[in-house]
Amino acid sequence: MSEFLQGWKRTDYCTNFTVDDVEKEVTLMGWVQTRRDLGALIFVDLRDRTGLMQVVFDESKLQTDFSPAEHLRHEFVIAVKGPIVLRDEETINDKLPTGLIEVSVRELKILSRAQTPPFEVDDETAVREEKRLKYRYIDLRRPSMQHNMLVRSRISAAAREYLTNNGFLDIETPMLTKSTPEGARDYLVPSRVHPGSFYALPQSPQTMKQILMMSGFDKYFQIVKCFRDEDLRADRQPEFTQIDIEMSFVDVDDIIEMNEGLIAHIFKKVMDVDIELPLRRISYRDAMDRYGSDKPDTRFGLELVNVSDIVEKSDFKVFASVVKNGGSVRAINAKGCVDKFPRRQIDALVDFVKIYGAKGMAWISMKEDGIQSPITKFFTQDELDALLERTDAQTGDLIFFVGDKGKVVFDSLGNLRLKLAETLGLIDESVYDLLWVVDFPVFEYSEEEKRYTAMHHPFTSPKDEDAEKIVTDPENAYAKAYDIVLNGNEIGGGSIRIHDTKLQAKMLEALGFSEEEAWENFGFLLEALKYGTPPHGGIAYGLDRLAMIMLGRESIRDVIAFPKVQNASDPLTSAPSKVSAKQLVELGLKIEE
RNA sequence: GGCCCGGUAGUUCAGUUGGUUAGAACGCUAGCCUGUCACGCUAGAGGUCGAGAGUUCGAGUCUCUUCCGGGUCGCCA
């Protein structure tokens, strides 16, 4: 039987006592971590979210029946009363923060018994994630998970603190919203009152926060759930949390400056790390050219080198034709790695880049006894000399080449770069490397849809001088968009928005919307823009991803209390699930078998 | 939708070329023990080898199908 508190009040958390509290009568409550039963003397490590305190059941000192103490088991929830006592010199445990003291129990209440847990509540045994998620309530008791949740909570608290102190208002936006085209798939919610019509869960509060700017709330923030019905990844969940921010009467530099203050505040508060400001900025173009990625990890070198002009006229047809057809040939020099990658491992790397669409990868091995390479025979001595000079090739180096259309080259070499750095141990895990990527293109061309799509979103403002180009020269139109990158991960992104009705209409037209479609989908925004809209812009951070990186975790699930697994289901509750026929009828829905 | 990895006791794992009764550690149960803290000692329980089919005299091991989990490409304004 579970006992009730009957007036007992917890004095404090387990680890909030020190030698100064000796002889103080205290009441502690928590879970039984371990029991060491010596007969007429039983030690129990009592656990709460702060840590452990040893409590001692001595048959001679207990004021109540001793036998309940003998029957304590893992994960029982108990309350104990008794004085804090100093441990004898030889029984001090220097592994515990509370190792100098213990509680000499006079009274015990068993508040709840527990079945033997399916796995042990400690960080020592790595339990299969399937199991952990099914019994998430037990998994979350483990010290590492308690810590993750604590840090996550501190990050949002620090963000709230900074933003509130700087005049931002926390305003909620609806979860039941209008489905819009563009972007990710929506999670849909059927309307009972309007059969056949659906709400969408927000992919982000983007349009709502813009409307709040039009309403005069010139500094807004919200820590808010967002939903995208796309496939999961180690760093991607279908529902995730954004720190969402929008400001009026600002341009790019104002937003960047404010956010640098925010980021520095979070790192100081949560990790006691000083971030050097201002952060570096790199253009999208440079990021791609040098790192093959718009979220470059700049903690190490291995930069890409463009050799298109050298191989363009060579007899190596593969490379020459790639350049002729508008692609490029680029290289990475793995300095001094000639011996670290024997032929078989080079073949594995060639297979690796094929994942990203590369048809192959060439290489030059700068061996002590001469150059080894499958491609050098196609080049003249001049061309070869130029290649070696451009790539800074020296004896001992290993140089990789990929030639293909733009995206494939960047994806292949960008990811090869990361893989090489990981394999070679070039990454300093102790640094927080933050930078802005700026000057994104407005559009990217979608091969699938045969049209331009918004690289950021359709409300992103082009640069002042590129306003015309969105129609006349979309390829070369650049946007007032920026991403903030931490250790090679995009942790936030935003833009200055379009605050002019005509420009917004033109943008939608450039994206292939007819006037009718534009009004049908975004009419509320186009209409609102007409009634006095301040220039505005903002940013949204992925809180989960930020927490994951700050904690050095490899899975976003480790910083989310109740995450979904890869097929977007929840092993704890078994969501999603079938619903009753009655519910379907009410919603006017029929399921096709 | 494609590719790769994994699934053996409650947990984490081992299991040789296909060969007797599938093992270890931790956990669990019972007993003993007044200074343990990875407590110790004694005894014990615990297995649909993810599921199904096939090959074989014989399958945890080989083949096929399938389920579950992870990673990844596509996808993710």
Side-chain angles (χ1 to χ4, degrees), chain A residues 33-46 52-61 66 70-71 73-75 85 87-96 98-99 102 104 115-122 124-135 138 180-186 203-204 206-207 226-238 240 351-358 408 411-412 415 419 440 442-444 446-449 452-460 479 481 490 493 495 507-508 511 540 542 554-555 557 564-567 569 571:
Chain A
Q33 178 72 31
T34 48
R35 183 195 82 248
R36 292 177 293 277
D37 184 348
L38 275 62
L41 187 68
I42 297 170
F43 298 94
V44 164
D45 290 334
L46 189 66
L52 302 176
M53 169 74 88
Q54 175 165 281
V55 303
V56 189
F57 298 87
D58 185 330
E59 192 159 22
S60 65
K61 293 186 180 143
F66 187 70
E70 291 178 314
H71 292 105
R73 292 294 183 270
H74 284 295
E75 300 308 309
V85 297
R87 297 202 199 180
D88 292 338
E89 186 90 30
E90 60 271 21
T91 64
I92 286 171
N93 183 350
D94 48 23
K95 287 181 206 144
L96 280 187
T98 54
E102 63 195 16
S104 176
Q115 289 184 24
T116 304
F119 48 85
E120 289 158 66
V121 182
D122 61 41
E124 273 72 62
T125 35
V127 181
R128 189 165 291 131
E129 198 166 2
E130 223 169 326
K131 218 67 162 183
R132 291 175 49 200
L133 290 174
K134 184 174 179 195
Y135 299 97
I138 296 169
T180 52
E182 298 280 291
R185 286 189 197 92
D186 285 324
Q203 295 181 28
S204 102
Q206 182 58 36
T207 52
C226 300
F227 305 85
R228 293 178 191 175
D229 187 4
E230 297 292 347
D231 285 353
L232 289 79
R233 287 286 187 284
D235 63 351
R236 233 160 64 190
Q237 283 274 306
F240 58 99
D351 287 338
F352 173 77
V353 296
K354 285 180 182 169
I355 297 171
Y356 304 95
V408 172
D411 285 351
S412 302
N415 283 294
K419 185 165 181 76
F440 280 82
V442 175
F443 304 106
E444 59 189 338
S446 163
E447 292 287 347
E448 198 184 324
E449 297 179 55
Y452 286 100
T453 57
M455 190 149 199
H456 190 48
H457 57 54
F459 320 110
T460 300
E490 181 200 327
S495 63
M507 176 64 79
L508 290 171
L511 290 168
E554 275 173 15
S555 164
R557 294 181 297 276
K564 308 273 189 290
V565 296
Q566 196 174 35
N567 66 12
S569 65

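As the structure is a prediction and not an experimental result, all values here were calculated from the model. Lettering follows sequence order; numbering is per chain, from 1.
In this structure, CD of Glu120(A) is placed 14 Å from P of A38(B), rounded to the nearest angstrom. Regarding Asn93(A), its CG atom lies at a distance of 11 Å from the C1' atom of A38(B), rounded to whole Å. Per the geometry, CD belonging to Glu124(A) stands 14 Å off C1' belonging to G27(B), to the nearest Å. Computed from coordinates, the Glu182(A) CD to C76(B) P distance equals 10 Å when rounded to whole Å. Put simply, CZ on Phe352(A) is 19 Å from P on C3(B), counting in whole angstrom units. For the pair Arg233(A) CZ and G71(B) P, the interatomic distance rounds to 9 Å; values are reported in whole Å. When the P atom of U34(B) is taken as reference, atom CD of Glu70(A) falls 11 Å away, rounded to whole Å. Distance Asp411(A) CG to C75(B) P: 10 Å, rounded to the nearest Å.
His457(A) and Phe459(A) have tilted rings, their planes meeting at an angle from 30° to 60° on a 0 to 90° scale.
Residues Asp45(A) and Arg35(A) are not paired through a salt bridge, judged by the lack of any N-O separation under 4.0 Å between the basic side chain and the carboxylate.
Judged by the 6.0 Å and 45° rule, Lys419(A) forms a cation-pi pair with Phe352(A).
For the C1' atoms, the distance from G10(B) to G46(B) is 9 Å, rounded to whole Å. Going from the P atom of A59(B) to that of A22(B) covers 14 Å, rounded to whole Å. Comparing G44(B) with G58(B), their C1' atoms sit 33 Å apart, to the nearest whole Å. As rounded to the nearest Å, C33(B) and C49(B) have P atoms that lie 42 Å from one another. Rounded to whole Å, the C1' atom of G52(B) lies 27 Å from the corresponding atom of A14(B). G50(B) and U61(B) have their C1' atoms separated by 16 Å, with the value rounded to a whole Å. Rounded to a whole angstrom, the distance from the C1' atom of C28(B) to that of C5(B) is 32 Å. U66(B) sits 14 Å from C4(B) when the P atoms are compared, rounded to a whole Å.
For C13(B), the OP1/OP2 oxygens have a side-chain nitrogen or oxygen of Arg128(A) closer than 4.0 Å. In this structure, Arg87(A) does not reach the U36(B) phosphate: none of its side-chain N or O atoms is under 4.0 Å from OP1 or OP2. Considering only side-chain N and O atoms, Lys95(A) lies under 4.0 angstrom from the phosphate OP1 or OP2 of A38(B). Between Asn567(A) and G69(B) there is a side-chain polar atom (N or O) within less than 4.0 angstrom of OP1 or OP2. Contact between the side-chain N/O atoms of Lys131(A) and the OP1/OP2 oxygens of U11(B) is found at a separation under 4.0 Å. The side chain of Arg73(A) contributes an N or O atom lying less than 4.0 Å from OP1 or OP2 of A30(B).
Residue whose closest nucleotide on RNA chain B sits further toward the 5' end, between His71(A) and Arg557(A): His71(A). Mapping Ser555(A) and Arg228(A) onto RNA chain B by nearest heavy atom places Ser555(A) closer to the 5' end of the strand.
At a cut-off of 3.5 angstrom, counting only N and O atoms as typed in the model, there is a donor on one side and an acceptor on the other between the side-chain of Gln566(A) and the base of G71(B). With hydrogens and angles ignored, a donor-acceptor pair closer than 3.5 Å exists between the side chain of Arg236(A) and the base of C76(B). Applying the 3.5 Å distance criterion, the base of G74(B) shares no donor-acceptor pair with the side chain of Glu230(A). Taking only distance into account, the side chain of Glu59(A) never meets the base of U34(B) through a donor-acceptor pair shorter than 3.5 Å.
Of the possible polar contacts, one joining the Gln203(A) side chain to the Ala184(A) backbone as a donor-acceptor pair under 3.5 Å is found. No donor-acceptor pair closer than 3.5 Å links the side chain of Ser495(A) to the backbone N or O of Thr460(A). Between the side chain of Gln566(A) and the main chain of Ala234(A), no donor-acceptor pair closer than 3.5 Å is present.
In this structure, Thr116(A) reaches the sugar-phosphate backbone alone: every heavy-atom distance under 4.0 Å involves primed, P, OP1 or OP2 atoms, never a base. Counting non-hydrogen atoms under 4.0 angstrom, Pro118(A) reaches the backbone sugars and phosphates but no base. Note on Phe459(A): nothing from the nucleic acid sits closer than 4.0 angstrom, heavy atoms only. Note on Glu444(A): nothing from the nucleic acid sits closer than 4.0 angstrom, heavy atoms only. Contact annotation for Ala234(A): backbone-only contact, meaning every heavy-atom pair under 4.0 Å involves sugar-phosphate atoms and none involves a base. Among the protein residues, Asp88(A) comes within range of no part of the nucleic acid, since none of its heavy atoms lies under 4.0 Å from any strand.
The neighbour count for Glu90(A) CD, taken as heavy atoms of other residues, nucleotides or ligands under 6.0 Å away, is above 12.
Of the candidate nucleotides G71(B), G35(B), G10(B), G35(B) has the atom lying nearest to any side-chain atom of Leu41(A). Taking the side chain of Asp231(A) as heavy atoms from C-beta on, and the options G35(B), G74(B), G69(B), the nearest nucleotide is G74(B). If you check C76(B), G70(B), C37(B) against the side chain of Glu129(A), the one that comes closest is G70(B). Here the side chain of Ser60(A) is nearest to one of G69(B), G35(B), U34(B), namely U34(B).
The nucleotide C26(B) finds its pairing partner in G10(B), both defining distances of the Watson-Crick or G-U wobble pair being shorter than 3.5 Å. Of all nucleotides present, none satisfies the Watson-Crick or G-U wobble test against C37(B) with each distance under 3.5 Å. In this structure, C49(B) makes no Watson-Crick or G-U wobble pair, since no nucleotide meets both defining distances under 3.5 angstrom. Judged by Watson-Crick or G-U wobble contacts below 3.5 Å, the nucleotide C3(B) has G71(B) as its partner.
Side-chain contact between Asn93(A) and Gln54(A): absent, with no pair of heavy atoms (C-beta onward) separated by less than 4.5 Å.
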Problem set entry | Audit row: Val353(A), Ile355(A), side-chain contact (heavy atoms from CB on, under 4.5 Å) steps and yes/no | CA-CA 5 Å; Val353(A) 296; Ile355(A) 297 171; over 6 Å; no

Problem set entry | Val85(A) and Glu102(A): CA distance, side-chain angles, deciding distance, side-chain contact (heavy atoms from CB on, under 4.5 Å) verdict | CA-CA 6 Å; Val85(A) 297; Glu102(A) 63 195 16; 3.5 Å; yes

Exercise. Given Phe443(A) and Met455(A), is the side-chain contact (heavy atoms from CB on, under 4.5 Å) satisfied, shown in steps?
Worked result: CA-CA 5 Å; Phe443(A) 304 106; Met455(A) 190 149 199; over 6 Å; no

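The aromatic ring of Phe43(A) sits over the base of U36(B), with ring centres less than 5.5 Å apart and planes tilted by under 30°.
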Short heteroatom pairs, N/O only, protein and nucleotides 39-42 of chain B, under 3.5 Å:
{"residue": "C39(B)", "atom": "N4", "partner": "Asp37(A)", "partner atom": "O", "Å": "2.3"}

